[in-house]
Amino acid sequence: MITGKAYKPKDVEEKWLAKWKKNNRYSSQPSNKSPYTIVIPPPNVTGILHMGHMLNNTIQDILIRKARLDGFNACWVPGTDHASIATEAKVVKMLKEKNINKHEISRSEFIDHAWEWTNKHGGIIMDQLKRIGCSCDWTRTKFTLDDDLSESVIEMFIKLFKDGLIYRDKRIVNWDPEAKTTLSNEEVIYVEKDSKLFFLKYKIQDSDEYISVATTRPETIFGDSAIAINPNDKRYKKLKGSKVIIPIVNRLIPIVFDEMVEKDFGTGCLKVTPAHSEKDFSIGIKHKLECIDIFNDDATLNKNGQHYNGLDRFLARKKIVAELDEKKLLLDTKKYKNKLSMSERTSCIVEPKLSIQWFLKMDLLSKPALDTVINDEIKFYPKKYVNTYKHWMENIRDWNISRQLYWGHRIPVYYCNKNKSKFVVAKSRNEAVEEFKKIDSNIDTREIFQENDVLDTWFSSWLWPISVFDGVRKPKNNDINYYYPTSTIVTGPDIIFFWIARMVISGLYLRDEKPFENVYFTGIVRDNKGKKMSKQLGNSPDPIELIEKYGADSVRIGLLFSAPAGNDLLFDESLCVQGRNFTNKLWNAFRLFETFKVSSELDQKDSTIQAIKWFESKYNLKVNKINQCFKNFKISEALMIIYKLVWDDFCSIFLEIVKPKFGNELSQESSLLIKSYFNKILVLIHPFMPFISEELFVKLNTKKEIISENLIWPKSGSIDNSFLRDFDDLILIVTKVRNFKKQKNISFKDELSIFHQNKNINESLSSVFKKLTNCKLIFSEDLDSKDLSTIVVGKYKYIVDFNQDTKEDDIIELRKALDYNLGFKDIIEKKLSNSKFIENAPNNVIQGERNKLDDVLKKIEIIKETISKKN
RNA sequence: GGGCGCUUAGCUCAGUUGGUUCAGAGCACUUGGUUUACACCCAAGGGGUCGGGGGUUCGAAUCCCUCAGCGCCCACCA
């Protein structure tokens, strides 16, 4: 025997990775087969693999391998995302360590650094995906900043602009003072924090009276341009036409009346800073108020902040509170819980800021995208996310698509003068120059310059299912015609708006066709205490280390043992142990097969014929269930069915029956059949555990056949239900007998005779029974004369020929069984004598109850009879 | 403030339209077992008033109401 006792995944995995790579095994080209397409959610180009990726990509691999076995032309497109804000932040940090300030070098110098960084750290994650067994078409690997994908983004922008859907506007936007860029609403997260509400004293002009104004942000008083009060607030009616003096600043501002102010909040008086709050901005517009910006880009106060000029906003708050207090202008301070808006990427507190940005009009685009999901043309798994999606689509706001960054797709807009009043949209600078010349032939072309902003990263990601097939630039090319719409997208619910919703929008807009059929939402991977895995907590294992320790197949199924769609997954390393044990089980099943000595002169044994007949039906039954699971994207459940099929049905029952006793031989025919079932099992396992399944398949068949090329996923086959029932009943008797032996302290090897009158058990099944229990099942016309131990299974009793006196124990057991069955009988009789039940219940239910009653009456009779004999 | 979802065995979760013994699975646990594929194993076994209360029904884990706890998403109360 060459094969070791325990499965050693490392060598096997290296071998298969090399093979797959060598012949580009998983590459796909359009063909006459039906396509099954998945595009990967592109991870950040400089990211490294974490458990979330591991889960997500394992699921994709399972789906794509299953589809391949199903006979589809399966294509899984891999790639990475430039992740503009995250990557730029990393590059800025790296430069800072080298004492280089982003703003002191030119744009192109920065971009050079960024590419250098990307080339150095990029793509690692693609290699890690290979390690976990992902069967992507690596020849199609894409990056969102590749030339073709970049051009696609620019073309999309131009098309949307021409359709009047992109516009430039001055608005209050979310400003990230750390990254110094705007953010879309989706990139802002809200966190509840304990903060304080300060009550400030605003003196009324030409009066000794004052009003109290509540604010959480006293440092913004420099930007105040009015105090607003609800017109229905009786307390302040008399103040109409009055003006108040801002504390410390000593500037005079008007009191305005606006329904937007809540009477019941604070004192009912709202300080209005139009430059630093969306609501204040709209009040400002309505009442024609001055707009005073008091912050620099890094959220320090600017010269409008007077003596706080240059100070950070939070430091300024502390100091100004102290100053107000000192000057008796602070009336009160109260504890207050409010929600802080934070940048999703940099975690710093977002500052509402007035600026000119580019926006995409969403209302018209969103309508068909909503319908497609509501009509079930795109299916969500689990379905509950349809609600979330619907809510977002119905309340959609315009998308701020410009970012004040360098790393990304630069907006294809060109200006001809410093104040940016005139611009054209063009693919290139040359094209822009031509456009400007059409307007003004004397234009000074040196004045023409491109917009500095780049586009939001998601403005390229939302094209991903189209752009990876170059379908934006060439809408009718072979690839896009063949692979689009894609089949399934697998992602986390956290990017349902960022990505899923927008892909649906762009797909319908560009191609009038949905981007995918199914959306499978995975949950979040948490630790065994339910905490979200994160670098800070240090509770996130490195998937690659786990693979080193347990093997890729084991980690894959370990993760999947409990990962229903959309539910969070509580991960514990013990799951990998379970996975490893399973690979080992398979490995040893193979080792057992290897030990079989085959003789061509033997006939098949009776028990083997029965076992094969049973396993055939059992396998087909389970395959039906597994196929059903796949249809509904119940991947974990499918895995569990396979796990039990292999461990319980195949190993514990089937192999135990068919394996020859020590030294004996197996018939040629049996050997071939057993091998064929082993192969059938390897096919089922393959999507989940690609390495060990390929390895065992090759070893088992000693040919160069490879699962994904030569085997196909089973369709449903024939099931002999009545035989299955008889056989499963037999297994029940086996269990009872084993239990009996244990209770009576009889060795499992001891042979006993068991007499019965169950006509469903023929000679052949008795031979199976002998294999599993080492006991004989003997049909006997005359059970009454045998005053021995009795086991009752179903409607039959089984008398064990066991000479030790077990009468007392038996009677106790039998009495228990009698009590239970009498109770059960009462319940059924009560039900059947209830006239309402008879009138209302459907016939099949009533008949079912009658059958139950018959069975239980027979059983009671047998038990009573046995007890009376014992006495 | 609005919306969605969850609560079933020690843990993680299944449980289709209410109806065959429907109260399940895996893990964990208990007990017994090992020269003859696997102790990363085999065999047997014990665990739950289906979050609480009320209702509808012949019949409820499943439908309705209500209370409690937990989670998520959305929203411009400063």
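Per chain, numbering begins at 1; letters A, B, ... match sequence-line order.
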So, does A:Asn588 use its side chain to make a donor-acceptor pair with the main chain of A:Asn584 at under 3.5 Å? yes
Over all strands shown, is A:Pro842 touching base, sugar-phosphate only, or nothing at heavy-atom distances under 4.0 angstrom? base
What's the gap between B:C76 and B:G2 when it is taken at their C1' atoms, as a whole Å value? 15 Å
Whichever of A:Val261 and A:Lys836 has its nearest RNA chain B nucleotide further upstream toward 5': A:Lys836
C1' spacing across the pair B:U56 / B:C11, given as an integer number of angstrom: 36 Å
Can a salt bridge be assigned to the pair A:Asp258 and A:Lys286 using a cut-off of 4.0 Å between side-chain N and carboxylate O? yes
Mind telling me whether A:Tyr7 and A:Trp587 have parallel, tilted or perpendicular rings, with 30° and 60° as the class edges? tilted
Of the listed B:C40, B:A78, B:A37, the closest approach to the A:Asn581 side chain comes from B:C40
Between B:C4 and B:U66, how far apart are the two P atoms, rounded to whole Å? 13 Å
Upstream residue (5' side of RNA chain B) when A:Leu655 and A:Ile731 are each assigned their closest nucleotide: A:Leu655
Output the distance between atom CZ (A:Phe571) and atom CG (A:Asp527), rounded to the nearest 0.5 Å. 10.5 Å
Within the 4.0 Å heavy-atom criterion, would you say A:Gln847 contacts the bases, only the backbone, or no part of the nucleic acid? nothing
Parallel, tilted or perpendicular, judged at 30° and 60°: which one describes the rings of A:Phe380 and A:Phe521? perpendicular
Check if the side chain of A:Lys5 and the base of B:C38 share a donor-acceptor pair of N or O atoms closer than 3.5 Å. no
Taking the C1' atom of each, how far is B:U8 from B:G15, in whole Å? 9 Å
May I ask you to decide whether A:Arg217 forms a salt bridge with A:Glu351, counting only side-chain N to carboxylate O separations under 4.0 Å? yes
Under 4.0 Å, heavy atoms only, any strand: does A:Phe748 hit a base, just the sugar-phosphate, or nothing? sugar-phosphate
Nearest-angstrom distance, P atom, B:G26 to B:G33: 24 Å
If you take atom types as modelled and just measure distance, does the side chain of A:Gln578 reach the base of B:A28 with a donor-acceptor pair under 3.5 Å? no
Using the C1' atom on both, measure B:A23 against B:G69 and round to a whole Å. 24 Å
Footprint string (nucleotides 6-18 of chain B, 5' to 3'): B base within contact, S backbone only, - free, heavy atoms under 4.0 Å: ------SSSS---
Is the base of B:G47 syn or anti, if syn means a glycosidic angle within 90° of 0? syn
Which of these nucleotides, B:G26, B:A44, B:C73, is closest to any side-chain atom of A:Asp648? B:G26
Given the C1' atoms of B:A60 and B:G54, what is the spacing between them in whole Å? 14 Å
So that I can compare with my own list, what are the stems of RNA chain B, taken as at least three consecutive Watson-Crick or G-U pairs with distances under 3.5 Å? B:1-7 with B:68-74, B:10-13 with B:24-27, B:29-33 with B:41-45, B:51-55 with B:63-67
Mind checking A:Lys339 for me? I need base, sugar-phosphate or nothing, with any heavy atom below 4.0 Å counting as a touch. base
Which of these nucleotides, B:C42, B:C40, B:C76, is closest to any side-chain atom of A:Ser652? B:C42
Which is true for A:Arg738 with a 4.0 Å heavy-atom rule: it touches a base, it touches only sugar-phosphate, or it touches nothing? sugar-phosphate
Compare all side-chain heavy atoms of A:Leu200 with those of A:Thr215 and state whether any distance is below 4.5 angstrom. yes
Expressed as a whole number of Å, how far does the P atom of B:A9 sit from that of B:G3? 30 Å
Within the 4.0 Å heavy-atom criterion, would you say A:Phe582 contacts the bases, only the backbone, or no part of the nucleic acid? nothing
Is a side-chain donor-acceptor pair under 3.5 Å present for A:Tyr202 with A:Asp224? yes
